[in-house]
Each structure stands twice: as structure tokens, then as C-alpha cells.
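Each remark here refers to the structure printed beneath this line.
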Number of protein chains: 2
Amino acid sequence: MKPTLQDVADAVGVSRSTASNAYSRPDQLSAALRAKILDAARRLGYPGPNPTARSLRRGFVGAIGVLFTSELSYAFTDPFAVRFLAGVSRTAERHGTSLLLMPLPADRARVRSVVENASVDGFCVYCVGDEEWVLQAIRDRGQPYVTTAPRADAGPDDRYVGIDERAAARSVADHVAALGHRRVALLADTVLPGAPPGPLRLAGPGDAPHPTTRGRLTGFADAFAAVGVAWPALTLLNATANSRAAGAAAVAEVLAGDEPPTAVLACSDVLSLGVLDMLAAAGHRPPHPISVTGFDDIAEAAAAGLTTVRQPAEEKGRLAAELLLEPPTTPADGHRLLPTDLVVRTSTGPVPGS
Amino acid sequence: MKPTLQDVADAVGVSRSTASNAYSRPDQLSAALRAKILDAARRLGYPGPNPTARSLRRGFVGAIGVLFTSELSYAFTDPFAVRFLAGVSRTAERHGTSLLLMPLPADRARVRSVVENASVDGFCVYCVGDEEWVLQAIRDRGQPYVTTAPRADAGPDDRYVGIDERAAARSVADHVAALGHRRVALLADTVLPGAPPGPLRLAGPGDAPHPTTRGRLTGFADAFAAVGVAWPALTLLNATANSRAAGAAAVAEVLAGDEPPTAVLACSDVLSLGVLDMLAAAGHRPPHPISVTGFDDIAEAAAAGLTTVRQPAEEKGRLAAELLLEPPTTPADGHRLLPTDLVVRTSTGPVPGS
DNA sequence: ATACAGTTCTGAATCGATTCAGAAGGGTGA
DNA sequence: TCACCCTTCTGAATCGATTCAGAACTGTAT
């Protein structure tokens, strides 16, 4: 059996309290005795205070949990998520805090169990939609958390860091509209759960359940409504995942149709890269014959010449972790809206023939 | 104060043991009583058994620690590391185990403290060199661990998953040598700690302290020795980090010199992409006037037409986690060597004028 | 000599659960 | 009716530390 603090104390002939102090409160005992204790510990092969026991007694753990809607491996696959995490980890590093990356299972029961069993001091909830039960599980757990978007059910103490999705989306859509495009398609990931890839009917952008998607679609719609193109005239395309392949699959049908859109506005760069792939396969390169826009401005976007909206990914992660680890003094400080920038590159151009 | 299990037990009028069983051993009590307990818990706002206390009593945590030599954020910046992590997380997911990503501080004292304070059941040590004290800290902690390369100081019970670095490096160097290249440069990250970017003198490849670098440089050297080019005739270039920029900076000087190498062999794709950047800035595109090779075969390598050595990144992560979570029955099963493939693309070609 | 202040160390309570041997009660077969 | 087994539940020990009030001792000022 591994030795415990008690064994060390016994070996030296002091009380357990003193042995404990040798580790966590050196000022509470003489240097000589402390050296003796540490020495005995080394001799006995005592690995230092058990972190679990210490956490239990102290009441905190020294780690924060990062929750993802999708499977954990997604976190490492999506470039935006990766940069977000880099930001979170930077702050955590500074606080000597570890990150517990947590997969979020699909079914509600297991979500609860995952949240309830995590040894953490708080949660950073990334990319979770309106699945209120996830948040509820965390609240029931009674620990602080921060989300990456304002929530419909937000309480006054809720903390979040986000962007103005609607305005950001509108900025890129305004750009596309100004180029003369009127027959456009909007492309989003999982507009409705379980929906097949390709065109999808929705009464309005507000019907998209995921708040981020909803915000962006609404922003797109705003811009076209302003130039006289109402929602029903916009083609909504559903992708079954946030990946290049899913983006490509989602546009395949309409691109092959008789009246393809003159522009595709995607809710993420990854999706729009899929659109570029699909066009490239047909020997096309935007903006001819179709303009394409993305969202996020990941590294690949620049290389692909993609017109997109930049949001500060690392900054977002950094701030999220700060909100968690450096609790805001007033509730109002718990909300942060980050700026976004329209980045115009070569994937957008005037409507052909205009 | 948050209610505890005792409060729930009291509220229902049962013993704490029974309340505990309601959560962790449902077969130990009648369904009716269990429902009553769970109900009372809900009413009281009891968040379920405290994970820390549970871990303490049960003796395990349900998480494994992933250790990085460099700062944590690096993990999300290096594409190879990201894919490795994706593999680890896939296995962890299957085991219902979380990943604790752990930054590894530069100084020894803090390394010990990080390792000693982590609440985990084992460690996956990624990309750590011969810093034996890191491993020693883990061993002292008395927990299982797996490394991503065989170690000089490996005990019989050590577990690792790696590749034959030397042979893999040799395969790509053989390819370059066969193309006629004799005046070549080898590019590696942090050959010697603190060394400046650019040319570096080393008595032999075996003098590189980091085992991975040492293995690859040795493989490169083997190939050229076989065609009559001895080590001192090879130019060794040091990069100060594993990044594109560092790769570019490392080759700047020799490329601008009178007798630039006809080929640059890098120890990672990221570095070689930096070389491509530098060449592109001068209006060149390999293999003219210089051939370039990488190592790892990350996603960007294909797009860049980079000749490289593929190693199965995700597979490596997957196996590492399995070695940890599904302990090998015999010590021999604790070692895995993964296959590598030479991937010839367009960045290598015959020596100009041959 | 007395009082008071520091320093160093100890004892006991505590963090919040799990576990296991055994008690209590009900049912079955002989 | 007795013995025996099951199911259901309890009591007490336990996991490995931290913490805090106070004991013991030393030293200094009055």
C-alpha cells in the first residue's frame, strides 16, 4: 500500500497536522522539522498529499470543465473550436488551473451523469444550443458556468461571452446584397435536428432552434429583406454536420438544379469550404459563377480567398475562462460582446452579367 | 449550504448508507424506497453524490491526464498534436473517462507540483523528451503512464506507443539521396535548448538531446552516409519552435548564402511548410530550385504537395489511451510500434542540372 | 517574579461520500 | 414450529487529507 501522510508523521514522530503543514503551510513549523518530515517522506516513497483528499477537504479542485455539445473529438477537428480552446487554456494556464474536456453524450440522462460526476470548480459551455437541460444540470450542480452566447433563459447572474450574431451575419449579407445578388442560398449546420442534407423549408429564420444558427440566419434575412427579397424567396440549405463534406453534400442538389443561386452564404467557414470543394470539382472557382461567404475566419479561409466574418476566437476563449476564474464583481460585468469584422476576399463578386 | 447525502437520508428517515445505495447500487434497496429518496433529493436540491468525495472513497477518479512539454496552447496549435489528441479522446470517450489537459511548466519544481496535484488515474505523456524528472515525478506519484516513444530509462513495465523514428526518417532521406541530392540541410526544432535559429554545429546526430529529434536526424544521416556524405558535410539547422514562422526563420540564412543546399529535410511538416513559405516569398516553388521534405503528413502537407513521412496520428493517440485504460496483460503488450509510410509528392525532385 | 506575546506543535473535528458485516423482517419447506 | 434463506436496511469504519482552537514552551518587557 502507498504510504499516507499519517505514515510519514509516524515515521518522524510528529502529529499528522504537522506533517500536513510541512506541505501546505511551511510557515507553521520550523525549517528544521520541515526538512526532517520531507526527508522521511522521500524515504518512505510518499508521493505528496493525495489531490482528491485535498480537494475534498479544501472544497475546490483546481480544474474547470469544458463542455461540448458534439462528441469530444469534434473539439479537435473544428478549427474554430481549436482556437477557442487555445484561448481558454491560456487563461487557465495563468491561473494554474487544468482543463477537463468533457464529451457531452446525446441522451439527457447521461448528460446529467457526466455533469454530476465531473470534479471541477466550474463549467465553460461551448457551442451548446437551447438544450436547457444541460444548463439545468449544471445549475443543479450548483457551480458557476459561462456560455458562449447569451441564453434565452439567462438569469441575472449568468455569465457569457459572445458576439452579435445577427449584426455580424447581416454585415456579410449586406455585402453580398450590394453586389447585386438576389437569388441566394443560406447554408447552416443542423438547422433542424435530424433533417436531411439539402434544401429545407422553414417558416422563418426564427424557427431555427439553435440560437447561434437562428441569429445568423436572421441577420442574413434582414439584409435581403432590406433589398426586397423576403424570406420565402431565400433557399435554406441544411448540412448534417459542421464539416467540409457535409457542406459539399448540402449544396450538391441546388448547384445541379436549373436555377442555382448566384451566392451561397454559409454559417461557418468549414461549411463554405465544402461549397468551394464542390464548385472546384465542377471546375469553378468563386466568385464565378457563384459567390460564397463563410463565417469565423479560420486559417484556411485566408488561403481559400474566402469572404467571411471574423470573430476573435482565441479572445473569446480567453475571456470565457476569465469570466469563470475571475468572477465579475457586478452581474453586468458578466456579459461580454466581442466585435466582428467583415473580411472581403476573392470569393465574392458582382452577379454574373450585371 | 448545499445539502449532503446525510441531509437527504435524514429527510426520508433512512440511513446514509441507504441513501448512497439509491444512487450507486439501485439493486440494494426496494424500488419504492429508492424513488422516495430520489424524490426527496430533488426537493432538497441535492446535486447528487459529490464527485470528489466519491473518488476519494472509491480510489479512482475517472480521468486521465495528458501531459505536454510545451505550453498547453501548443496542443491546439500543432496539427499533429491535435490529431493525436483526437485519437486519445476517442478512446477516453468509449471508457467514459475524461481528459485532463495539463500544461507542463518549464521549471522542475512546478512540474512536480502539477503532476502531484492532478486528480487523475494515469498519465499520457505526449512529446516529452529525455526530461527524466517528468517521468520520475509520475513514477513517484505511483500511477500508470504511457509515453509516445520508447525511453532510454524505460523499465519493463513501461508502456509506450511510437514509431521507428530512425527508419522512418531514413526512408524519406533515401528518397532524397536517390534523387541525387548531396548538399542538403536538416531542419529540426530545438536541437539544443536555447540555440539560436539557423545553422548549428553538432558532433553527431546522437548529440541531440531530444530522443525524437535524435532518432530522425540519425535516420537522415544514415541515408546520406550510405551515399558517401558524412555527417559534418550535412548542414544542421535549428528552429526555435515547431511552427511555420520558426521553420522559415531557420532556413533564411542558408537560403540567402552562396551555396544553398539543394534539399532541406525537416523533422516536421510544420517546419517544412515554413521553408515553403520562405521559398515562395522568393518566388520559388519546390522542387525548384530546392527540394523540401516534411514529417508527419498533416492535412496541410497534401495541399502543399509536400513529400513527407506519414505516421498514423489518431491511431497513435487511440492506442496510447488504450494502453492506459486497458492495461496490457503481459509487459510485452505494453509496447507498440506503428508503421510509417513515405508519401512522395511534388516538393521533391532531381537535383537541378542532373 | 509576572504578564504578555510569539513560535511551534498537537488533538479532534471535518470534508462527503462508499462499503461491508450483520440485524431485522418476511417467506418457504420440512 | 423450527431452521434456513432472501431481501432490505443500518451502523460503523474508512478513504486521506486540512483546519482551527488551544497546549507547551521560549523569550522579553515591566
Side-chain angles (χ1 to χ4, degrees), chain A residues 1-38 40-41 44-62 113 116-121 140-143, chain B residues 1-38 40-41 44-62 113 116-121 140-143:
Chain A
M1 233 5 233
K2 284 207 91 53
T4 71
L5 192 54
Q6 183 71 69
D7 299 326
V8 175
D10 291 348
V12 182
V14 297
S15 76
R16 183 165 71 245
S17 328
T18 302
S20 173
N21 285 334
Y23 284 95
S24 12
R25 305 170 62 167
D27 57 314
Q28 293 295 300
L29 72 172
S30 65
L33 182 55
R34 173 156 191 262
K36 225 166 106 184
I37 294 176
L38 261 31
L44 293 176
Y46 174 66
N50 178 310
T52 305
R54 168 177 284 190
S55 298
L56 174 59
R57 182 61 236 236
R58 286 193 167 164
F60 69 87
V61 178
S113 115
E116 282 166 358
N117 287 311
S119 284
V120 296
D121 300 319
D140 291 350
R141 176 79 193 278
Q143 294 199 311
Chain B
M1 236 5 234
K2 287 207 90 54
T4 71
L5 192 54
Q6 183 71 69
D7 299 326
V8 175
D10 292 348
V12 182
V14 298
S15 75
R16 184 166 70 246
S17 329
T18 302
S20 172
N21 285 334
Y23 283 95
S24 11
R25 304 170 62 167
D27 56 315
Q28 293 295 301
L29 72 173
S30 66
L33 182 54
R34 172 155 192 266
K36 227 167 104 184
I37 294 175
L38 262 29
L44 293 175
Y46 175 66
N50 177 311
T52 305
R54 168 177 285 190
S55 298
L56 175 58
R57 182 61 236 238
R58 286 193 168 166
F60 68 87
V61 179
S113 114
E116 283 166 357
N117 287 313
S119 283
V120 296
D121 300 319
D140 291 349
R141 175 79 193 276
Q143 294 200 310

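Lettering follows sequence order; numbering is per chain, from 1.
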Testing the basics here: between [X] and [Y], what is the closest heavy-atom pair and its distance to 0.1 Å?
X	Y	answer
A:Leu29	A:Ile37	CD1-CD1, 3.9 Å
A:Gly45	A:Lys2	O-NZ, 4.3 Å
B:Ser24	B:Arg58	CB-NH2, 3.5 Å
A:Tyr46	A:Leu5	CE1-N, 3.5 Å
A:Arg34	A:Pro26	NE-CB, 3.8 Å
B:Leu33	B:Val14	CD1-CG1, 3.9 Å

For B:Ser17 and A:Arg34, find the nucleotide of DNA chain C closest to each by heavy atoms; which residue's nucleotide sits nearer the 5' end?
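With B:Ser17 and A:Arg34 compared, the 5'-side residue is A:Arg34.
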
Just to be sure I understand the rule, does [X] reach a base, reach only the sugar-phosphate, or reach nothing, if contact means heavy atoms closer than 4.0 Å?
X	value
B:Ser24	sugar-phosphate
A:Leu56	base
B:Thr4	sugar-phosphate
A:Ser30	sugar-phosphate
B:Tyr46	sugar-phosphate

Distances for protein N/O vs nucleotides 23-28 of chain D N/O pairs under 3.5 angstrom?
none

Residue list, side chain to side chain donor-acceptor pair (under 3.5 Å) with A:Asn50, at least two apart or on another chain:
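In terms of side chain to side chain donor-acceptor pair (under 3.5 Å), with neighbours along the sequence ignored, A:Asn50 is linked to no residue.
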
Before giving the answer on side-chain contact (heavy atoms from CB on, under 4.5 Å), spell out for A:Thr18 and A:Val12 the whole-Å C-alpha distance, their side-chain angles and the decisive distance to 0.1 Å.
CA-CA 10 Å; A:Thr18 302; A:Val12 182; over 6 Å; no

If you pin B:Asn21 and A:Arg57 to their nearest nucleotides in DNA chain D, which one's is more 5'?
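Looking at the nearest nucleotide for each, B:Asn21 comes out on the 5' side.
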
Extract, from 5' to 3' on DNA chain C, the first and final nucleotides lying under 4.0 angstrom from some heavy atom of chain B.
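Both ends considered, the range comes out as C:dG16 to C:dT19.
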
